[in-house]
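Heads up, the thing below is written out as structure tokens.
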2 protein chains.
Amino acid sequence: MKRKATINDVAKAAGVSKGLVSFAFNDRPGVSPDTRDRILTVARELDYRPSLSARSLSTRTSYAFGLVIARDPEILGADPFFPSFIAGVERVLLQEGRALVLSVVADEQHEATVYRTLTADARVDGVFITDLRHDDSRIPLLRELGMPAVTLGRPEGSHAGDPDAFPAVSLDDTPGIVAAAQHLIDLGHRRIAHVIGPRRMLHATRRNAAFAATLEAAGLPADLVIETDFTAAQGASATETLLDLAEPPTAVVYGNDPMAIAGIGVAHERGLRLPDDLSITGFDDSELARYVYPALTSVRTDPLAWGEAAAHALLRLTTTGVAADIDLEPARVITRASTGPVRA
Amino acid sequence: MKRKATINDVAKAAGVSKGLVSFAFNDRPGVSPDTRDRILTVARELDYRPSLSARSLSTRTSYAFGLVIARDPEILGADPFFPSFIAGVERVLLQEGRALVLSVVADEQHEATVYRTLTADARVDGVFITDLRHDDSRIPLLRELGMPAVTLGRPEGSHAGDPDAFPAVSLDDTPGIVAAAQHLIDLGHRRIAHVIGPRRMLHATRRNAAFAATLEAAGLPADLVIETDFTAAQGASATETLLDLAEPPTAVVYGNDPMAIAGIGVAHERGLRLPDDLSITGFDDSELARYVYPALTSVRTDPLAWGEAAAHALLRLTTTGVAADIDLEPARVITRASTGPVRA
DNA sequence: GGGGGGATCTAAACCGGTATAGCTTTGGCC
DNA sequence: GGCCAAAGCTATACCGGTTTAGATCCCCCC
């Protein structure tokens, strides 16, 4: 196994100083076209690749981005968002010679430790902030640490184009929820429940606000709201609670597909017929949604595109120092057999 | 924002040479207890942390491990294995000051490129090999690249304790499949189908061999085997195919939970009653299994423990140069309502 | 012919650690 | 007292890049 060629080998072979090789490799002015060609040719012949760690030491740059996920692995396992999001991120980073450092932690206590460690070790040049929360502690923390970041969605209290805020890459999910609710209203439903994710998560309350506004615009009360932790278990028990009501809903909107599928399970367990006795919608449009019985009406987002956009934004932010906010195609509802007209 | 303290600052403040500080920090002999204490105290006061990139450059070590997943994001999103596995890995690495570099690629072509890049950039000190395949190209590739690795399960053709092979961390899944098949046989089923994952994956054929052996030991044919790509879509279409047979099976064993749940969907779509008309089992025992209707009998493994064990093994391999094979608690079947006696 | 001035290039410092050769100091032993 | 070895420590090279100060050269122009 031959030793890897270094910049010194290239410099020697090309008969120039190593500084000049560095210049040539970084497209900096002050290298004559002839010399540049010669250097690059020699480098190719020697199969030279600049050493990442040497570069990191010299430039204080790690050429990697971080993603810290604070979720229980059980929930993550059923969640189609992250794999697709990561695949999208990866697609961009691979080409740019960047790597993705992933951390999965159970609670938000460890989360802060991980961010501090990533920063202290200069392990990453920037991070993605997913699952924004109310009064999100990560924002001031990363500010304090001086770690660049991109948020998925806009944090509370930050207005579009705020120059002090981290760049936000947003995919508006409210049109999807509004469409789902309106779809149910159009089918004649008058009592529609909403089983949402944890309230401390921004998207849970934002979606619920959109849901409530849609119902109220139709003159309906939006009082049947149950908060869960996004697990199928809590989706199931929320459904039990709803169906046990004196006046149970005729339709339930769930915050994710696993909860909706668990809701279908509970309804079937009770001998209800879907969608005749109960209409159900999910969120995320996971692959499974199409194949459960009845096929699940769900709200589709595009996590892959989200990942790509976020990666581009973070790349721009860390290289140029600024990055504009990005708005992606909003979520939309995919109608399937789990929703139908309310029984006469 | 004050500049981070370096080893030189500590050396100066403690009145010693920087070499000695390095020695003190790496618990090497040749430092008197008094001096060591003084150095460590001063370091704490200055909030000194050794620079990762400087260390990397000097030691040719990245203090990170890699995980390359070659799966379609759609499938990954429904798969409970990886999030839990990663959480297990992480739990070990965090304490050891290591990071996890993740790559999700769509096909096995890109896979090789990613491994080459990770190696050329010395981005990681070792990798985890999951989803072993027949004649797995990653093994010779990583050998050639000189990249340490740990395999999940033992590769083909390598015997226990092979000193030339990568350390294997195994969780035997055959007892789970055998138990599932036997469970169905005990319930009186005589025509049992197996919907398996891609045949090029080692675990798919291994599980099918265990399945076939169990049926044959009971004097039953094991001829109903359908290969899929692990998607719910193909799980559904395999189920269609089976139910369209002149003599359809009375029970189906699926290679993962999403396919089994899709199978339930197809059966319900056709008006079959479960488990009276058809018994169904899954694999992985995802959280959702318990909450679908009927609750899904599934085979449970422990991906979290698998991740921890694999991380420990890779840590040992990269630091000491050797690591013993590890065998974890085998998989077992969790019986639920989706399996029942065959109809008289 | 001499004096800018820009382009091209070199030498050397620097990033922050690790590793090694060698210098003191101390203590044991004859 | 003298010799030797081990312990404790320093000085310095080294890892492989980037960056800066300054040297050299060439061309143009007065």
Side-chain angles (χ1 to χ4, degrees), chain A residues 2-40 42-43 46-64 97-98 119-123 125 318-319, chain B residues 2-40 42-43 46-64 97-98 119-123 125 318-319:
Chain A
K2 58 183 186 307
R3 204 176 52 83
K4 265 196 63 176
T6 74
I7 198 171
N8 277 309
D9 302 330
V10 176
K12 212 162 295 172
V16 296
S17 70
K18 70 171 183 169
L20 205 60
V21 176
S22 175
F23 275 38
F25 260 80
N26 295 297
D27 308 304
R28 292 166 58 133
V31 187
S32 78
D34 285 8
T35 314
R36 170 187 312 276
D37 283 353
R38 184 155 42 92
I39 291 174
L40 296 181
V42 166
L46 294 179
D47 194 26
Y48 166 72
R49 292 194 45 134
S51 147
L52 197 74
S53 33
R55 240 145 82 90
S56 294
L57 177 59
S58 201
T59 60
R60 300 155 183 288
T61 301
S62 64
Y63 304 96
R98 256 79 171 179
T119 307
D121 290 350
R123 188 72 90 160
D125 303 328
T318 52
T319 51
Chain B
K2 58 183 186 309
R3 201 177 53 84
K4 264 195 64 173
T6 75
I7 197 171
N8 277 310
D9 302 330
V10 176
K12 212 161 295 172
V16 297
S17 71
K18 69 170 185 170
L20 206 60
V21 176
S22 174
F23 276 36
F25 261 81
N26 294 298
D27 305 306
R28 293 167 59 129
V31 187
S32 79
D34 285 6
T35 314
R36 172 188 310 278
D37 282 355
R38 184 156 40 92
I39 291 174
L40 295 182
V42 166
L46 294 179
D47 196 26
Y48 165 71
R49 292 195 45 135
S51 147
L52 196 75
S53 34
R55 240 144 81 89
S56 295
L57 176 59
S58 200
T59 60
R60 301 155 181 288
T61 301
S62 65
Y63 304 96
R98 258 79 173 176
T119 308
D121 290 351
R123 188 72 88 159
D125 303 327
T318 51
T319 52

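Just so you know, these numbers use all the heavy atoms, side chains as well, and skip hydrogens, waters and symmetry mates. Just so you know, these numbers come straight off a predicted model, no measurement behind them. The chains referred to below are lettered A, B, ... by the order of the sequence lines, with proteins before strands, and numbering in each begins at 1.
- A distance of 11.0 Å separates CZ of A:R28 from CG of A:L20, quoted to the nearest 0.5 Å.
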Summarise protein proximity over nucleotides 7-19 of chain D in one line of letters, 5' to 3': B for base, S for sugar-phosphate only, - for none, counting protein heavy atoms closer than 4.0 Å. -SBB----BBBBB
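- When all heavy atoms are compared, the tightest approach of B:Y48 to B:I7 is CE1-N, 3.4 Å.
- With hydrogens and angles disregarded, a donor-acceptor distance shorter than 3.5 Å links the side chain of A:S56 to the backbone of A:L52.
- Across all their heavy atoms, A:F23 and A:R36 have their closest contact at O-NH1, 4.5 Å.
- A heavy-atom distance below 4.5 Å is not found between the side chains of B:D9 and B:K4.
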